[in-house]
Amino acid sequence: MRHRNFSLQNKRQQTKKTNIERPTNVDLQSSDAVDSNTKNMSKQNLSSSNQESSIKENVDTLTEAGSSEEISYLSVDSNEEEQPSSVHLQDLIGMIRNAEKNIHLLNEARIRALEDLQKILGEKEDLLGEINILEMKLAETDARLRVAAQEKIHVELLEDQLEKLKNELSSSRSREENVLHVNNSVPLSDNDSVNSLSEELDSLRKENILLKQDLQALKSELTNIKETDERILMLEKERSVLESSLSELGSKLATSQEDVSELSALKYECKNLYEKVEHLQTLLAKATKQADQAISVLQQNQELREKVDRLEESLEEASTYKLSSELMQQKMKLLDERLQRSDEEIQSYVQLYQDSVKEFQDTLDNLKEETKNKALDEPVNDMPWEFWSQLLLMIDGWSMEKKITKDDAKLLRELVWKKDGRICDAYMSCKEKNEREIIARFLKFTSSSTRPGLHIIHIAAEMAPVAKVGGLGDVVTGLGKALQKKGHLVEIVLPKYDCMQYESIKDMKALDVVVESYFDGRLYKNKIWTGTVEGLPVYFIEPQHPGKFFGRGQLYGEHDDFKRFSFFSRVALELLLHAEKKPDIIHCHDWQTAFIAPLYWDLYVPKGLDTARICFTCHNFEYQGTAPASELTSCGLDAYHLNRPDRMQDNSANDRINSVKGAIVFSNIVTTVSPTYAQEVRTAQGGKGLHATINSHSKKFVGILNGIDTDAWNPASDNFLKVQYSASDIEGKLENKEALRRLLGLSSSEIRRPLVGCVTRLVPQKGVHLIRHAIYRTLELGGQFVLLGSSPVPHIQREFEDIRNHFRTHEHARLVLKYDEALSHLIYAASDMLIIPSIFEPCGLTQMIAMRYGSIPIARRTGGLNDSVFDVDDDTIPDQFRNGFTFVTADEQGFNNALERAFNYYMNNAETWKELVQKDMNIDFSWDSSASQYEELYDKAVLRARTASRS
């Protein structure tokens, strides 16, 4: 089969006029000979009997060769027996053994030849069958052509004969010779024959006219269909422009609302400060006025003292001249009284001034104290998220282990939630002490606090980087971190897989608590672990179930996946109930945790876990989690109650339930991962059977484009790269391109030769036929191609292994058929272009990462690709949004158009290409915008719930 695959590849390459060498085969030469004989015979169209006889002759020749060798060995033995003096017995035995070995080898070669013969005969039979089918079809086509030609000739003859008959009958009916001539040339000689021919000809003409009319009607309908398609394309373009404008306006509106709220808070604080400043200014003016009055009194006192001094001098002169008088004494007494009153008045003014200064100092001290307290209340932003998550998990552990009360745990959790500086200082000062002293210190802060945001709990089967298969893990981590930065309390609940990347979990420990949950008619214990991942607090559930649900060495792909994840969903809710958590939002993802929605409303709201609204996100409607309805009873749900068309009954089978449908019906918010995909799944083709359910719940269904973790995917700080670079300095891309070429053994002779990359899973959804075509077309255009990825589908993996082997020593193409995190980063950085030819793509992160690293995307317009990649030649898109090359139809012609336009830009417009690279690198694909949209949905759902509870 390998020979035929390679020959097919060579035929394809010859059709495309490429110079790629035919791959060499490393099998036995006999197999090559048979293969070449088979090809020669097929080219000469020999019969099957000749082919069989030639193959048998080859086998007989091989057998005869073996026989001749045996005879030669026997002859040698006989000659040696005749000369016993020269040949020893041991030599004879050795020669006999060699002969036996040669015979054994000949037999093995004969067996292999027979096996090859069987394979060739099987392939010959298949080819003969296909040839027979083609010959039958060709014979049918020839017969139809012959019938059509005969009918056409027959009609022409009939017309000629009719014309002749009319002429001859009109000229003379009495001429017997002409009549005989007509009889000899035309079999029908009487009027009846002429009439029948006329009728037949008229009927044929009528049929011809009707056929022409039908053809004309078909042409007109085809024209109308083409016009309708053109109008639909125009409307689609207009809709995409309007949606992008609406999304831009919505983001601007959200930003403006945030700015308005911040401005209002600042205005209020500014108003309070102005009032305090005005009060201080009033006190200062009052004190200044009083000080001025005291100074004036002091000046008057000084003047009085000078007068007294002058009077004393006069008195001394009077005493000198012995001039005493009662009047003088009275004046002295009066002056003393005035001086005393002046001293008292000065003393009162001084006291008043001192009181004013003291009041001013007290006010100033109060302001300083308020500022200090406010600084303590403000969040401490210099500590990493891992620190606060560790504190949060520590407090929850104390609560679940009954070391502190639930109320104290709630108050302490809110202080950590607010990132209170006091609790940070307390922990840092006593972290080296024992747990009892830390608890005692923390309990001093159990006072009322204000909640800063929402309490959000994600329950999922994946979380990057500890447990990741696809994009779900990236979404859980990226969205969680973005919501955490916005001031919300975010927690994650995961299964504890045995195959997780435990080195990515910080401070992991088991809690001294056991959570029991119901399953299959009995209670099972579950061990609870805690740790922080990417700064987020995470709870890991380890079931003590004999089935070892999460100890299988892989996340998915087990025969009992439905039971595994319905068990996990029930334990997750049991954990929230046991810990007495009161979340605002429980966010579940994909079919693995879609059971959360019906479990929450049917079983746990009656138990008291009733504060949350349920948000469900489906990342791919291809996977819906269906099973026989009876399996739903294992986790405690009522299958009879839920197996109804308006609840969880699968839309294509009455005896099966659909977990994704149940989540759509029972959730308060339903989202998917891009606006375009949200529209596609509302159709019969895109919804995979759930389009009717989605449309009936369309008011709570919305598409939000995912983001990427811009900290993990940052070319300016990526440690996997040879050289870090940024949009302002993109020279590092060339150095990374050269590093990738050296690593993979590609040619570096032409630095400007474009490098096309592809990082993907090789599954039909990703357009594997176009990826295969892209390899050859890139080489035809003079580029280089690098593929990184593998396939879970065996025949696709084998096909690409053959292509890899074919290009193993090629200087411009390399296929790496595995997943390699470090190599993926380098390919994103080194590639000039990156292809994403998906048949359907709910969101896609590849195109966002590619643009982040300055690799221009070549993508098909579907799903999230249509919401993030806009063609550089599309005049209906504003210039600032054009960032790549797109195509619509999932065929080679559409892909070729986009690839060739990209090559033309790269080769002929170097400066324009550089500007495009820098523009793509500056696009914000972070989670901030997406998290704001989720935040708005959460707030609306919580507000509706609180309004309903109050009413």
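These figures come from a predicted structure and were not determined experimentally.
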Practice problem: Say whether Y828 and D718, considering side chains only, have a donor N or O and an acceptor N or O under 3.5 Å apart. | Solution: no
Quiz prompt | Nearest heavy-atom neighbours spanning L746 and H812 | solution = CD2-C, 3.8 Å
Practice problem: Write out all pairs satisfying salt bridge (charged side-chain N to carboxylate O under 4.0 Å, His left out) with one or both partners inside residues 820-843, taking only residues at least two apart or from two chains. | Solution: K737-D832, K766-E841
Expected list for residues 561-568: side-chain donor-acceptor pairs under 3.5 angstrom, two or more places apart:
{"residue": "D561", "atom": "OD1", "partner": "E558", "partner atom": "N", "Å": "3.2"}
{"residue": "D561", "atom": "OD1", "partner": "R564", "partner atom": "NH1", "Å": "2.5"}
{"residue": "D561", "atom": "OD2", "partner": "G557", "partner atom": "N", "Å": "3.0"}
{"residue": "D561", "atom": "OD2", "partner": "E558", "partner atom": "N", "Å": "3.3"}
{"residue": "K563", "atom": "NZ", "partner": "S634", "partner atom": "OG", "Å": "2.9"}
{"residue": "R564", "atom": "NE", "partner": "F549", "partner atom": "O", "Å": "2.6"}
{"residue": "R564", "atom": "NH1", "partner": "L555", "partner atom": "O", "Å": "3.1"}
{"residue": "R564", "atom": "NH2", "partner": "F549", "partner atom": "O", "Å": "3.1"}
{"residue": "R564", "atom": "NH2", "partner": "L555", "partner atom": "O", "Å": "3.2"}
{"residue": "S566", "atom": "OG", "partner": "F562", "partner atom": "O", "Å": "2.9"}
{"residue": "S566", "atom": "OG", "partner": "K563", "partner atom": "O", "Å": "3.1"}

Quiz item: Does the side chain of R901 pick up a donor-acceptor pair with the side chain of N904 at under 3.5 Å?
Solution: no
Quiz item: Can you list the steps and then say if E799 with H795 is a side-chain hydrogen bond (donor to acceptor under 3.5 Å, both in side chains)?
Solution: CA-CA 6 Å; E799 179 183 7; H795 77 271; 5.8 Å; no
Quiz prompt | Whether D498 side chain and G553 backbone form a donor-acceptor pair below 3.5 Å | solution = yes
Quiz item: Where do F785 and L755 come nearest, in terms of heavy atoms and distance?
Solution: N-CD1, 4.4 Å
Self-check item: Over 12 foreign heavy atoms within 6.0 Å of NZ, K688
Solution: yes
Quiz item: Could E100 and R97 be called an ion pair, given the rule that one side-chain N must be under 4.0 Å from one carboxylate O?
Solution: no
Quiz item: Do the rings of F550 and Y497 sit parallel, tilted or perpendicular, given the 30° and 60° boundaries?
Solution: perpendicular
Quiz prompt | N/O donor-acceptor pair under 3.5 Å between K818 side chain and G789 backbone | solution = no
Quiz prompt | Interatomic spacing from CD in E801 to OG in S791 - rounded to 0.5 Å | solution = 9.5 Å
Practice problem: Using the test ring-ring contact (aromatic ring centres under 6.0 Å, His included), find all partners of F887 that sit at least two apart in sequence or belong to another chain. | Solution: F895
Quiz item: Does the side chain of E462 come under 3.5 Å of the side chain of Y556 through a donor N or O and an acceptor N or O?
Solution: yes
